[in-house]
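This one's a predicted model, so the numbers in the text were calculated from it and none came from an experiment. Just so it is clear: chains get the letters A, B, ... in the order the sequence lines come, proteins before strands, and each one is counted from 1.
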Protein chains: 2
Amino acid sequence: MDQVEVFKALSNKTRLQILNWLKSPATHFPDQPNADFENVGVCVGQIQIKSGLSQSTISEYLSILQRAELINSTRVGQWTYYKRNEEGFAELGKLINQEL
Amino acid sequence: MDQVEVFKALSNKTRLQILNWLKSPATHFPDQPNADFENVGVCVGQIQIKSGLSQSTISEYLSILQRAELINSTRVGQWTYYKRNEEGFAELGKLINQEL
DNA sequence: AATGTATATCGACTTTTCCCGATATGCCAA
DNA sequence: TTGGCATATCGGGAAAAGTCGATATACATT
């Protein structure tokens with residue numbers, strides 16, 4: 001886990017918001033069809049709509065968060081679903097408490 | 001504590017290093033004269049020398065860290081001493097565990 | 001095979017960050 | 001009060017991040 005990379009990923013209001021939305025997908029994305037939040041998460045399009053930013057920006061943001069190991073993706077057909085990677089958050093907590 | 005601001009402050013290798021140095025000042029700054037690390041911390045010049053970056057850059061970095069509430073400063077004569085603000089780190093830990 | 005939909009990638013432009021050197025400010029000593 | 005340090009601030013140039021629209025890719029449906 002690259003420290004600078006993870007903090008950069010967290011240095012943006014929209015990306016922080018996305019992480020927060022993904023904490024309770026059923027609440028924040030009630031319109032996702034065939035929702036299977038536990039297993040796969042939320043698809044890009046839903047996040048994009050809710051964010052109000054462009055499709056390309058959100059796609060980019062999601063890969064930044066993924067490179068930082070804060071979320072995971074699963075491709076199902078033409079959709080890519082993203083969900084939080086709680087192991088990454090645990091590692092981040094340890095980093096803050098022990099290394100910073 | 002502004003979330004984006006604190007993560008931006010942490011998004012830089014040199015600034016992370018400074019925070020780490022300030023964890024054990026006696027080890028990292030053995031040459032500081034009249035060291036009173038517990039009370040005031042380490043002065044700008046010592047940090048600047050150790051970092052290898054310019055004086056203006058380090059002064060700037062220290063105020064970024066201070067605005068993020070991660071360090072405190074004390075002015076004594078012509079020196080400004082900086083030390084870690086452990087309350088800020090505690091708050092950051094809480095942020096990660098509870099809000100992110 | 002052709003079309004439609006979801007996502008990723010590309011190219012461009014703007015804003016922010018990274019650093020520097022030069023200058024200003026504040027404090028101390030002669 | 002003049003000169004010398006320590007630090008802060010200013011102005012700028014280069015690199016990175018933010019954000020978009022356009023295009024490419026990948027899959028699904030007809």
Side-chain angles (χ1 to χ4, degrees), chain A residues 2-19 22 25 29 31-36 40-68 70-83, chain B residues 2-19 22 25 29 31-36 40-68 70-83:
Chain A
D2 180 318
Q3 298 189 5
V4 171
E5 185 174 47
V6 81
F7 290 129
K8 275 191 175 160
L10 294 170
S11 297
N12 177 284
K13 207 174 172 73
T14 303
R15 289 195 296 265
L16 288 177
Q17 218 157 26
I18 291 171
L19 292 173
L22 293 181
F29 303 96
D31 298 339
Q32 176 164 295
N34 297 326
D36 183 10
V40 293
V42 181
C43 73
V44 179
Q46 294 290 311
I47 298 171
Q48 188 259 310
I49 290 166
K50 197 171 172 74
S51 75
L53 297 184
S54 74
Q55 190 272 321
S56 54
T57 297
I58 294 306
S59 178
E60 168 77 4
Y61 281 10
L62 291 169
S63 48
I64 289 171
L65 289 170
Q66 184 166 35
R67 274 198 300 278
L70 295 170
I71 61 178
N72 291 325
S73 68
T74 314
R75 192 153 239 262
V76 178
Q78 46 197 328
W79 292 274
T80 308
Y81 295 90
Y82 284 92
K83 65 174 192 180
Chain B
D2 179 317
Q3 298 190 3
V4 171
E5 185 175 46
V6 81
F7 291 129
K8 276 191 177 164
L10 293 170
S11 298
N12 176 283
K13 205 175 172 74
T14 303
R15 289 195 295 267
L16 288 177
Q17 216 157 29
I18 291 172
L19 292 174
L22 294 180
F29 303 96
D31 298 340
Q32 177 164 295
N34 298 324
D36 183 11
V40 293
V42 181
C43 74
V44 180
Q46 294 289 313
I47 298 171
Q48 187 258 311
I49 290 166
K50 196 171 174 74
S51 74
L53 296 184
S54 75
Q55 189 273 320
S56 54
T57 297
I58 294 307
S59 178
E60 168 78 5
Y61 281 9
L62 290 169
S63 46
I64 288 170
L65 290 171
Q66 183 164 36
R67 275 198 298 278
L70 296 170
I71 61 178
N72 291 325
S73 68
T74 314
R75 191 150 239 263
V76 178
Q78 49 197 326
W79 292 273
T80 307
Y81 295 90
Y82 284 93
K83 65 174 190 177

Going by heavy atoms in the side chains, are [X] and [Y] under 4.5 Å from each other?
X	Y	result
A:K83	A:L22	no
A:L70	A:L10	yes
A:Y82	A:L65	no
A:F7	B:N12	no

* Asked: Would you say a side-chain N or O of B:N12 is under 4.0 Å from OP1 or OP2 of C:dC19?
  -> yes
* To do: May I have the step-by-step check of side chain to side chain contact (heavy atoms under 4.5 Å, CB included) for A:S63 and A:R67, ending in yes or no?
  => CA-CA 6 Å; A:S63 48; A:R67 274 198 300 278; 4.1 Å; yes
* Per-nucleotide protein contact string for nucleotides 7-15 of chain C (B base, S sugar-phosphate only, - none; heavy atom under 4.0 Å) -> BBB------
Report the distance from atom [atom1] of [X] to atom [atom2] of [N], rounded to the nearest whole Å.
X	N	atom1	atom2	answer
A:I49	C:dT5	CD1	P	14 Å
B:L53	D:dT7	CG	C1'	16 Å
B:Y61	D:dT7	OH	C1'	17 Å
A:F7	C:dC18	CZ	C1'	19 Å
B:K13	D:dA16	NZ	P	15 Å
A:L16	D:dG18	CG	C1'	15 Å

* Report the residue (A:T14 or A:G77) whose heavy-atom-nearest nucleotide on DNA chain D is the more 5′ of the two. => A:T14
* Asked: Want to settle it: does A:V76 or A:R15 sit nearer the 5' end of DNA chain D, counting the closest nucleotide to each?
  -> A:R15
* Asked: Which value, rounded to the nearest 0.5 Å, describes the distance between B:C43 atom SG and B:L62 atom CG?
  -> 10.5 Å
